[in-house]
Amino acid sequence: MKIRAIKGIKDILPEHMTKWNVVEQSAHRLARCFGFSEIRIPTFEQTQLFARSIGESTDVVEKEMYTFQDRDGTSLTLRPEGTAGVVRAYLEHNLATQFSMRKLYYIGPMFRHERPQAGRFRQFHQFGVEVFGTEDPYMDVEVISLLWQYFTDLQLPELTLYINSIGTPDDRQQYISQLQTYVKPQLQQFCENCQRRFHTNPLRILDCKVPRCNTLTEKAPTLLETLSDTSRKHFTHVQNGLKLLEIPYTIHHRLVRGLDYYSQTTFEITSSHLGAQNTIGAGGRYDGLVKNLGGPPTPAVGFAVGLERVNILVPSAVIGDTPPLVVIAGFGEKGRPKGLKLLTRLRQTGICTDADFRANSLKAHLRSADKLGALATIIIGDEEAQKEVVIIRNMQDKKQVEVPIALVPDQLKIWIHQNGNIF
RNA sequence: GUGGGUGUAGCUCAAGGGUAGAGCGCUGGAUUGUGGUUCCGGAGGCUGCGGGUUCGAAGCCCGUCACUCACCCCA
């Protein structure tokens, strides 16, 4: 029996790493540009942290967590998302006392026991940001604009930004009863799922993909109509900010986030180039969460990006060239050791160099160099070794020059620097 | 958790009851120490696994596992 990777858990193979590095590096660069500091938090935590922050009755907590017992019996869980852990660390280390406002970001793997599908995995990676300590709507705008710039920098195709406001918990409670009053008389006509949701999570009825349910709620009261004045104002400011920055958005009355901690602004960016799982980044405000987890009342806003989905969308054009590679062809009794020596010396001076020790003829060395994509091959046979020289062969135009061994590093550096001709 | 699709060489796929194939890749060669192109050769498979039908199964039937897409839900 061959041992395979676990279902829904993927290797990232070398041929995909250049793209992954681009995706991750732009996240680091942009987040720092926007004034965020990186934080690394554990991949597993006490189960109750997630249960309390995400919400006991959410799907994530109810059936998607990888939960196991520690040796002393404590229930632990592989993190299904990043926000809960960041908030925990924020409180545990009193990060609030150092600045009145904290802007943090993270990149790392998350775990959810879901059925795998296009763009959905059991171990997946997220880039997320969290801002603690301000309820200014402009901070919502800043966070959205970071997300938007991240995606447009990477040239992701066919993006749509959806925004909505789900108000304060009070607003929501009020809205939920209005919605229930509206739905109740026709409850029998809704799909089975929605009938269940009617009791467990009524807001999600708006989100249902069954067309009939959608039609039934078409004339239902909307969240926005029910918002309190302050919530409504907040949302208007967010929209004005987006307009000011010329970030195109669509108000999506049915946009409800799946995690319980959200409040006020919610947003989501989708791309039509993905399969059914077309959300690449989403987030919103969660003004109540910090207090909920035992901290002082602290407004907060953030987002999370699914990096696997981003990777699928990044066009190959944004991926840079691989560094120039020099290959050493050392052969013969005297050529081999000289080759090894030069190989090491070049690497010490920072020139990316490789050699194929299996090859024992010049032909084999050159074939190997070609496969490695070498720009130049350095030939050292016994004759050259004797004369303390090497032949540098330009793999593109086949031109060769003889150079004393001692001068090789400098010659190559000049050439690589000019990115042009050695000769 | 529920449904559909697909499992044949490292990869992409043929063969639809009668000896398991191609392209790409890998590897060796085409006279001396010069790569990519071309030409010739080679390796590589219990056709996912188990059972059944049959003189005979990669192909049909049943089961099972894996992969995949979709539902649910989410990034």
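These numbers come from a predicted model, not from an experiment.
A glycosidic torsion no more than 90° from 0 defines the syn conformation; G29(B) lies beyond that range and is anti. The glycosidic torsion of G25(B) lies more than 90° away from 0, which places this base in the anti conformation.
Nucleotide G50(B): paired with C62(B) (Watson-Crick or G-U wobble, both distances less than 3.5 Å). With a cut-off of 3.5 Å on both Watson-Crick or G-U wobble distances, the partner of G41(B) is given as U27(B). In this structure, C72(B) makes no Watson-Crick or G-U wobble pair, since no nucleotide meets both defining distances under 3.5 angstrom. Using the Watson-Crick or G-U wobble rule with both distances under 3.5 Å, U32(B) pairs with nothing in any strand shown. U19(B): no Watson-Crick or G-U partner with both key distances under 3.5 Å is found in any strand.
Residue contacts shown for Met110(A) are absent, as no nucleic acid heavy atom lies under 4.0 Å away. Heavy atoms of Ile379(A) sit under 4.0 angstrom from at least one base atom. Within 4.0 Å of Gly275(A), counting heavy atoms only, lie sugar-phosphate atoms of the nucleic acid but no base atom. Note on Ala118(A): only backbone sugar-phosphate atoms sit closer than 4.0 angstrom, heavy atoms only; bases stay farther off. Residue Phe331(A) is classed as a base contact, given a heavy-atom separation below 4.0 Å to a base.
One atom, CG of Leu362(A), and another, C1' of U31(B), lie 16 Å apart when rounded to the nearest Å. If you take CG of Asp382(A) and P of G33(B), they are 11 Å apart, rounded to a whole angstrom. The distance from atom CZ of Arg112(A) to atom C1' of G1(B) is 17 Å, rounded to the nearest whole Å. With rounding to whole Å, Glu64(A) atom CD is found 10 Å from C73(B) atom P. Following rounding to the nearest Å, Phe121(A) (CZ) and C67(B) (P) show an atom-to-atom distance of 13 Å. For Leu313(A) and A75(B), the CG to C1' distance is 12 Å, given to the nearest whole Å. Regarding Asp59(A), its CG atom lies at a distance of 12 Å from the C1' atom of C71(B), rounded to whole Å. When the P atom of C72(B) is taken as reference, atom CZ of Arg204(A) falls 10 Å away, rounded to whole Å.
Only the C1' atoms considered, G59(B) is 16 Å distant from U19(B), to the nearest whole Å. Atom name C1', nucleotides A20(B) and A30(B): the rounded distance is 31 Å, in whole Å. For the C1' atoms, the distance linking G36(B) with C74(B) amounts to 48 Å, nearest Å. A distance of about 9 Å separates the C1' atoms of A43(B) and C26(B), rounded to the whole Å. For the P atoms, the distance linking C24(B) with G42(B) amounts to 16 Å, nearest Å. U38(B) and G50(B) have their C1' atoms separated by 49 Å, given to the nearest Å. Rounded to whole Å, the separation between the C1' atoms of A15(B) and U34(B) comes to 44 Å. Remark: the separation of the P atoms in G45(B) and A22(B) is 15 Å, to the nearest Å.
Taking the 5.5 Å centre cut-off and the 30° plane limit, the aromatic side chain of Phe124(A) is classed as stacked on A75(B).
Not one side-chain nitrogen or oxygen of Lys63(A) sits closer than 4.0 Å to the OP1 or OP2 atom of G1(B). Look at Arg120(A) and you won't find any side-chain N or O under 4.0 angstrom from OP1 or OP2 of U68(B). Contact annotation: Arg115(A) does not reach the phosphate of C67(B) (side-chain N/O to OP1 or OP2, under 4.0 Å). For U34(B), the OP1/OP2 oxygens have no side-chain nitrogen or oxygen of Lys399(A) closer than 4.0 Å. Side-chain N/O atoms of Lys363(A) include one lying less than 4.0 angstrom from OP1 or OP2 on G35(B).
A side-chain donor-acceptor contact under 3.5 Å links Thr47(A) to the backbone of Ser75(A). Put simply, the side chain of Asp370(A) never gets that close to the backbone of Leu366(A): no donor and acceptor are under 3.5 Å apart.
Candidate nucleotides U68(B), A75(B), G33(B) were compared by shortest atom distance to the side chain of Lys10(A), and U68(B) ranks first. For Ala276(A), the side-chain atoms get nearest to A70(B) when compared with the rest of C74(B), A66(B), A70(B). Side-chain proximity of Gln277(A) to the nucleotides U34(B), A75(B), C71(B) is greatest for C71(B). Looking at the side chain of Gln400(A), the nearest of the listed nucleotides C67(B), U34(B), G33(B) is U34(B). Closest to the Lys398(A) side chain, of the nucleotides A75(B), G33(B), G35(B), is G35(B). When each of C74(B), C67(B), C73(B) is scored by its nearest atom to the side-chain atoms of Arg309(A), the top-ranked nucleotide is C74(B). For Arg367(A), whose side chain is taken as the heavy atoms from C-beta onward, the closest listed nucleotide among G35(B), A75(B), C26(B) is G35(B). In this structure, of C26(B), C74(B), C72(B), it is C26(B) that holds the atom nearest to the side chain of Lys371(A).
For the residue pair Ser368(A) and Arg358(A), no side-chain donor N or O sits within less than 3.5 Å of a side-chain acceptor on the partner. Glu38(A) and Tyr106(A) share no side-chain donor-acceptor pair at under 3.5 Å. Side chain to side chain, Glu158(A) and Ser272(A) meet the donor-acceptor criterion of an N or O pair below 3.5 Å. Judged by distance alone, the side chains of Thr67(A) and Thr77(A) do bring a donor and an acceptor atom under 3.5 Å apart.
Residues Pro137(A) and His237(A) share a closest heavy-atom pair of CG-CB, 3.4 Å.
Side-chain atoms of Arg393(A) and base atoms of G35(B) include a donor and an acceptor less than 3.5 Å apart. One cannot find a donor-acceptor pair under 3.5 Å joining the base of G1(B) and the side-chain atoms of Glu62(A). Side-chain to base pairing of Gln117(A) with U68(B): no donor and acceptor N or O lie closer than 3.5 Å to each other.
Comparing Gly381(A) and Arg358(A) by the nucleotide of RNA chain B that holds the closest heavy atom to each, the one mapping nearer the 5' end is Arg358(A). Mapping Leu274(A) and Ile6(A) onto RNA chain B by nearest heavy atom places Ile6(A) closer to the 5' end of the strand.
Salt-bridge check for Asp354(A) with Arg347(A): passed, with a basic side-chain N closer than 4.0 Å to an acidic carboxylate O.
Just one residue in the list Lys7(A), Lys63(A), Arg120(A) forms a salt bridge (charged side-chain N to carboxylate O under 4.0 Å, His left out) with Glu114(A), and that residue is Arg120(A).
Ring to ring, Phe124(A) and Phe111(A) are not that close: their centroids are 6.0 angstrom or more apart.
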